[in-house]
Q: 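For reference, the structure I am asking about is given below.
Naming: A, B, ... by sequence-line order, numbering from 1 per chain. Only heavy atoms go into these numbers, but all of them, side chains included; no hydrogens, no water, no symmetry mates. Treat the numbers as computed from the prediction; the structure is a model and nothing was measured.
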Amino acid sequence: MQEINNSPSDDVLIKLQDIYKIYHMGDSEVHALDGISLDIRRGEFVAIVGQSGSGKSTCMNIIGCLDVPTSGTYHLNGVDVSTMKDDEQAEIRNKMLGFIFQQYNLIPKLNLCENVELPLLYAGLSPAERQQRAMASLARVGLEDKAQNLPSQLSGGQQQRVSIARALAGNPPVILADEPTGALDSHTGREVLSFLQKLHKDGNTIVLITHDNSIARQAQRIVRLADGKIIYDGAADRPEAVVQPDEFSAMPITPAEEVQAG
Amino acid sequence: MDIQQAFKMSFKSLMASKLRSLLTMLGIIIGVAAVIAIMSIGQGLMNSVNEMFSSLGSNIIQVGLYVRGESNRTVTVDNMYDFVNENQELLCDLSPIVYIQGQVKCGNEVMERPSVSGVSEAYDSLQLLKLSQGRFLQYVDVARKEKVCVVGTYIVDNYLDGEGMGKIIKINGENFTVIGVMEQMGDNTERSEDNQIFIPYTNALQINGTNFVDSYGVNATSKENIAPARLAIEAFLEEKLSGDGFYYVQSLSEMLEEYNKMQNTIVTVLAAIAGISLLVGGIGIMNIMLVSVTERTREIGIRKSLGAKRRDIRLQFIIEAASTSAIGGVVGIVLGTVVGMAAGVLMNTTITPTLSPIILSFGISVGIGIIFGYLPANKAAKLNPIDALRYD
């Protein structure tokens, strides 16, 4: 694998070019991703937004090296990962990506420290180094005193913080958060989001996948997907960023239009 | 991922569902315990038989004769001695054996069923007898029909007040002086080898009122000479009797060999049948591992998303299967050894556990875990991480 180079902060870390993902359902083809091109630079905080069925999950799977595109190329940190085999992808996931899932995805029978150690275990670190780095990572999310607890002994917000600690443990260039607040109440959800913003300020590249506009607006940049295509890509604070074209027609018809129609 | 960590993880998942792990191991436990118990019982039986035979002298050849009354063809004691003298490279230590049925008394006390035999001066080296006091019969005793005897410890302890030397024993009314006491050979009871009396065979023939000896013991000069010696005796007897009588020539060690061969076969067949349950146990492990892979699909997905490669997942599940069957194997070995020893106590023989079946069955149970764990482990390794992560 290529070394992670220390290029300037505006270089492109994730480069999707003309990505198609096509599923065959019987005789018909479903274009989950229909020609997507997207650049994400180092240090950016990007939210990928869309309704269910828009292709955002497929997009996340491809960015997360959990899946390969039907066609198109994906360069991660300058390395073409779009045609990689299972085990090569596993190594990329281990070195380059930190996952934060909606359902936390902690392993119930392992304590917090062991859970956070997992990516380091598969990276082949020694037990002593694993433990030291896992504890440091837990300290970053303020849970070092609960290291020996099982996930079931923690609240949802705390569990999500553990999964953030796990994502950070290997110090990967990209943090990929898939609906990180989806299972949390609004208060703890806000906490998790502000933690992601803090990570962004510390220089991490964060890709957030969500269906929720209010959450997407916490990011710097919004990429909106519909029917497998990018329909908006730009700053998060512009009004178009949070409205889909379909949503115009789906909006309640104004009295003026009603009159015209009548 | 290092092996040590894989063991730690597999131990954790075994402990997470103790009852299930135990039930999974049960097939292996029963299989290994049965194999170990059968093999150690077989070994114990063989040991006790071998021990019994070796106390009789392992090079001994027994000769039995039966001659029809009216026939003039016969084999005399002198014939036998001449034959042995002519074949000194094969044979030595000839002793006629003459059993006496009759009353044996010490003073006025009648002894309970002692075994009284007339033998030659070679009988002690033939049967590896050892004396604790006095001497065994000598050539002059036999030749002069001296009224002397050698007795076992049971007789000394029960009838001769613990001090046998010089005492008088009455056999069918004739007085015999004790000139030697044998070391204790059995458990010093009425039915053991310690309730024996030996007198010169010449006296025994006189008491029985005959001069025909129908039973002899003779030693082959070495283990290798047993078979040729037996054949030579057979040829000699065939020539002497030529159809007018029956005889048998038996070598104890050859009989022992036959017996050991037969028992080995039986034990091997029994152990193989018990081994089938090991196979069944292996299938049980595979079944549970397949269930476990399905149950832990999400865990596998998480591990893969964090960078676990196929071989990491495969190693984890194979080690889990192998440790399940290895622990089962160890429990089975302990159980089988205990059962074997208990059987030894019941059968009144000593059963010492031997190392080779223990190592073998431990190896087999680990092997079974690896073989039957491979299929489920490979299934887990090949799971697609996306599907595995979404699995509920």
Q: Closest approach of A/A90 and B/A308, non-hydrogen atoms and distance?
A: CB-O, 3.6 Å
Q: Which atoms of A/E114 come close to chain B, meaning under 4.5 Å heavy atom to heavy atom: side chain ones, backbone ones, both, or neither?
A: side chain
Q: Would you say A/K146 has more than 12 foreign heavy atoms packed within less than 6.0 Å of its NZ?
A: no
Q: If we check side chain to side chain contact (heavy atoms under 4.5 Å, CB included) with A/Y122, which of these qualifies: B/K309, B/R303, B/K304?
A: B/R303
Q: What distance do A/E117 atom CD and B/L306 atom CG have between them, rounded to the nearest 0.5 Å?
A: 12.5 Å
Q: Tell me, please, which residues at least two apart from B/F317 pass ring pair (Phe, Tyr, Trp, His ring centres under 6.0 Å).
A: none
Q: Would you give the length of the straight line joining atom NZ of B/K12 to atom CG of A/N111, rounded to the nearest 0.5 angstrom?
A: 5.5 Å
Q: Quick check: under 4.5 Å, non-hydrogen atoms only, which of residues 280-299 of chain B neighbour chain A?
A: B/R296, B/R298, B/E299
Q: Does atom CZ (A/F195) have a neighbourhood of more than 12 heavy atoms from anything else shown, all under 6.0 Å?
A: yes
Q: Hey, what do you get for CG (B/L389) to CD (A/Q102), rounding to the nearest 0.5 Å?
A: 12.5 Å
Q: What is the minimum heavy-atom distance between B/I386 and A/N61, and which atoms define it?
A: CG2-ND2, 3.5 Å
Q: Is A/L106 close to chain B through its backbone or its side chain, or both, or neither, when contacts mean heavy atoms under 4.5 Å?
A: backbone
Q: When you look at B/Q5 and A/R130, which way does the side chain to side chain contact (heavy atoms under 4.5 Å, CB included) test go after all the steps?
A: CA-CA 12 Å; B/Q5 191 64 25; A/R130 285 205 300 264; 3.0 Å; yes
Q: Would you say the side chain of A/R93 lies within less than 4.5 Å of the side chain of B/P385, judging by non-hydrogen atoms?
A: yes
Q: What residue, out of A/L125, A/N94, A/N105, has the most heavy-atom pairs lying under 4.5 Å from chain B?
A: A/N105
Q: What do you reckon, is CD of A/Q17 surrounded by more than 12 foreign heavy atoms closer than 6.0 Å?
A: yes
Q: Which value, rounded to the nearest 0.5 Å, describes the distance between A/D86 atom CG and B/N384 atom CG?
A: 7.5 Å
Q: Does any N or O in the side chain of A/D87 come within less than 3.5 Å of the main-chain N or O of B/R310, such that one atom is a donor and the other an acceptor?
A: yes
Q: Show the nearest heavy-atom pair for residues A/F101 and B/S305, with the distance to one decimal.
A: CZ-OG, 3.7 Å
Q: If you round to the nearest 0.5 Å, how far is CG of B/D312 from CG of A/L118?
A: 11.0 Å
